[in-house]
Amino acid sequence: MPVQPWFTDAKLGIFVHWGIYAVDGVQESWSFYDGIVPYDRYMSQLDRFTAARYDPRAWAALFARAGARYAVLTSRHHDGVALWDTAHGDLNVGRDLIAGYVDALREQGLKVGLYYSHSDWSHPDYATTRKPGRPPELEDNRYSEVAAEFEDLAAWERFLAYRDGQIRELTSRYHPDLMWFDGEWDRSEEQWRIPELAALIRSEVPHVVLNARMLSEGDYATPEQGAPVVPPEGPWELCLTINDSWGHQHHDHNHKSVDQLIRYFAETIGGGGNLLLSVGPREDGTIPDEQAERLEGLGDWIRKHAQAVYGTVRGLPAGHHYGPSTLSPDRRTLYLMVFDVPRAEINVRGLLGSVRRVTVLGSGTELAHRVTGGLHETPGVLWIEPPSVADLDPHATVLAVELDGELELYRGAGRF
């Protein structure tokens with residue numbers, strides 16, 4: 001089935017990595033898995049995780065001002081610590097921190113996403129088998145697998161029952177619009193029983209959106225941190241951190257600028273994707289000012305250029321315009337993103353058909369345009385007068401190119 005239309009129209013989501021790892025500011029789950037922090041010390045953060053200033057309504061209002069249409073919260077990371085009072089397994093924060101988040105998002109009209117890790121490196125029955133095809137001698141990591149001779153398939157069945165119990169709780173209590181899975185690399189699709197898991201989820205939430213880490217049942221691609229040079233075919237989402245960390249790490253002040261975030265965002269939606277931008281709240285539930293300020297800055301730009309953002313489809317392929325672009329749903333208006341101050345006319349190559357009008361989005365100023373060249377089936381080049389300084393956006397200027405018909409492109413090599 002095609003992905004739900006709300007997802008491809010949304011363009012921006014907020015990824016919330018919040019868990020006990022924020023107490024000491026260590027890397028979520030991987031810090032004990034990789035032996036950087038002793039397991040007992042990592043888990044001692046559970047007693048110091050207060051959520052004392054957690055205000056999900058403030059989160060949701062900030063996300064809405066940022067221009068997001070959905071958010072995804074880490075309900076349970078690889079460390080196995082659940083953010084709700086689960087009846088399955090022994091590790092949770094002792095109360096329900098998800099219900100308030102769900103209600104607050106829906107009050108703001110945002111879609112609800114929940115992250116859940118397939119793997120659980122704390123569960124006693126998790127490291128009882130191994131991914132097929134791995135060398136049989138010794139386990140790679142004691143938290144995730146055992147040597148082949150010690151495999152215990154009955155224990156693995158108990159783990160899957162625990163996993164299914166938690167998934168039933170999440171879907172029946174909160175009815176998420178999206179479930180964002182992770183940790184799929186640890187086992188095969190057959191071991192995870194992905195089709196059965198998807199059926200369980202859809203029995204409670206028939207129209208749920210699932211990311212690609214649900215393997216054959218995934219609805220969209222999920223590149224992480226590295227912006228794709230060639231956008232994936234079909235629906236996709238780039239998940240990206242504001243600084244260098246997913247969760248809150250006290251020492252990480254290497255935040256991307258608002259300019260950089262707008263470029264990431266424009267290039268992502270220009271390629272037909274969504275940006276899922278991660279924030280890392282402190283252990284008390286507050287979002288650091290540096291991250292909130294960047295969300296506000298991104299939201300200001302999006303509000304000014306909403307027409308070129310929401311509901312649009314991927315724009316021109318590389319080579320037609322020096323910058324990203326989006327296209328209106330009726331394919332009759334092309335939105336060109338211009339990051340730098342133009343030193344000359346802005347050109348677009350390969351447009352078949354004529355241009356009615358070009359305006360600066362946000363100010364409405366009309367710009368002169370002309371076409372030069374062209375031979376037989378090869379169209380000429382569209383040249384657009386550069387905007388005045390007064391019409392330039394401080395981050396990225398958007399030009400609306402209104403076409404006489406639906407966009408058609410020449411993709412040939414010209415006459416030889």
Side-chain angles (χ1 to χ4, degrees), residues 5 8-9 11 229-236 262-263 265-274 301-416:
T8 50
D9 290 345
K11 306 307 177 187
V229 176
V230 178
E233 294 294 329
W236 63 282
I262 288 171
R263 288 204 182 205
F265 179 67
E267 289 166 357
T268 299
I269 66 173
N274 291 353
W301 185 88
I302 290 174
R303 267 189 300 280
K304 181 179 176 181
H305 303 100
Q307 185 178 323
V309 174
Y310 301 116
T312 58
V313 298
R314 67 180 67 202
L316 298 170
H320 289 272
H321 162 61
Y322 294 106
S325 60
T326 58
L327 184 63
S328 61
D330 64 4
R331 301 185 61 82
R332 299 173 76 96
T333 303
L334 187 62
Y335 300 102
L336 308 178
M337 304 351 184
V338 180
F339 294 125
D340 302 312
V341 177
R343 299 177 63 185
E345 291 172 293
I346 298 155
N347 68 31
V348 182
R349 295 181 290 177
L351 287 184
L352 295 169
S354 55
V355 172
R356 291 181 55 245
R357 191 167 72 131
V358 181
T359 56
V360 180
L361 207 60
S363 73
T365 300
E366 189 164 347
L367 302 177
H369 63 278
R370 62 194 175 98
V371 174
T372 62
L375 178 65
H376 303 313
E377 76 278 5
T378 308
V381 174
L382 171 68
W383 297 92
I384 301 170
E385 173 191 6
S388 68
V389 173
D391 282 318
L392 291 175
D393 183 88
H395 302 293
T397 305
V398 180
L399 308 183
V401 179
E402 299 175 31
L403 309 172
D404 272 330
E406 293 187 17
L407 175 69
E408 290 185 79
L409 293 177
Y410 175 75
R411 300 284 287 161
R415 183 182 177 190
F416 288 90

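These numbers come from a predicted model, not from an experiment.
In this structure, NE2 in H369 is found 8.0 Å from OG in S354, a value given to the nearest 0.5 Å. Taking OG1 of T8 as the start and CD1 of I269 as the end, the distance is 12.5 Å to the nearest 0.5 Å. In this structure, CD1 in I346 is found 7.5 Å from CG in L367, a value given to the nearest 0.5 Å.
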message: With side chain to side chain contact (heavy atoms under 4.5 Å, CB included) as the criterion, how do N274 and W236 come out once you've worked through the C-alpha distance, each side chain's angles and the decisive distance to 0.1 Å?
response: CA-CA 6 Å; N274 291 353; W236 63 282; over 6 Å; no
task: List the steps and the verdict of side chain to side chain contact (heavy atoms under 4.5 Å, CB included) for T312 and K11.
output: CA-CA 9 Å; T312 58; K11 306 307 177 187; 3.6 Å; yes
task: Take I384 and L336 through the side chain to side chain contact (heavy atoms under 4.5 Å, CB included) test and state the conclusion after the steps.
output: CA-CA 11 Å; I384 301 170; L336 308 178; 3.9 Å; yes
field: From CA spacing to verdict: side chain to side chain contact (heavy atoms under 4.5 Å, CB included), L316, L334
entry: CA-CA 9 Å; L316 298 170; L334 187 62; 3.7 Å; yes
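Under the salt bridge (charged side-chain N to carboxylate O under 4.0 Å, His left out) criterion, D393 pairs with K304, sequence neighbours left out. For R331, there are no salt bridge (charged side-chain N to carboxylate O under 4.0 Å, His left out) partners two or more places apart in sequence or in a different chain.
Between R411 and P317 there is a side-chain heavy-atom pair separated by less than 4.5 Å. Residues P386 and L392 form no side-chain contact, since every pair of their non-hydrogen atoms from C-beta on lies 4.5 Å or further apart. Side-chain contact between L399 and P387: present, with at least one pair of heavy atoms (C-beta onward) separated by less than 4.5 Å. Within the 4.5 Å cutoff, no side-chain heavy atoms of D404 are placed close to those of V355. Looking only at side-chain heavy atoms (C-beta outward), M337 and T326 come within less than 4.5 Å of each other. Using a 4.5 Å cut-off on side-chain heavy atoms (C-beta onward), L351 and P379 make no contact. Counting heavy atoms from C-beta outward, E345 and N347 have side chains that stay 4.5 Å or more apart. A 4.5 Å side-chain heavy-atom check between V398 and V360 finds every atom pair outside the cut-off.
The closest donor-acceptor contact from the side chain of R314 to the backbone of G234 lies under 3.5 Å. Side chain of S363 to backbone of T365: a donor-acceptor contact under 3.5 angstrom is found.
Scanning all heavy atoms of the two residues, the minimum distance from I262 to A396 falls at CG2-CB, 4.1 Å. Pairing each heavy atom of A400 with each of L361, the nearest pair is CB-CD1, 4.4 Å. Scanning both residues, P231 and G271, for their nearest heavy atoms gives CB-O, 3.5 Å.
Salt-bridge check for R370 with E385: failed, with every basic side-chain N at 4.0 Å or more from each acidic carboxylate O. The pair R332-E406 does not count as a salt bridge, with every side-chain nitrogen at least 4.0 angstrom from each carboxylate oxygen.
Residue pairs meeting the ring pair (Phe, Tyr, Trp, His ring centres under 6.0 Å) criterion with at least one partner in residues 302-361, sequence neighbours excluded, are W301-H305.
Under a cut-off of 6.0 angstrom, the local environment of CD in E377 is crowded, with over 12 non-hydrogen atoms contributed by other residues, nucleotides or ligands.
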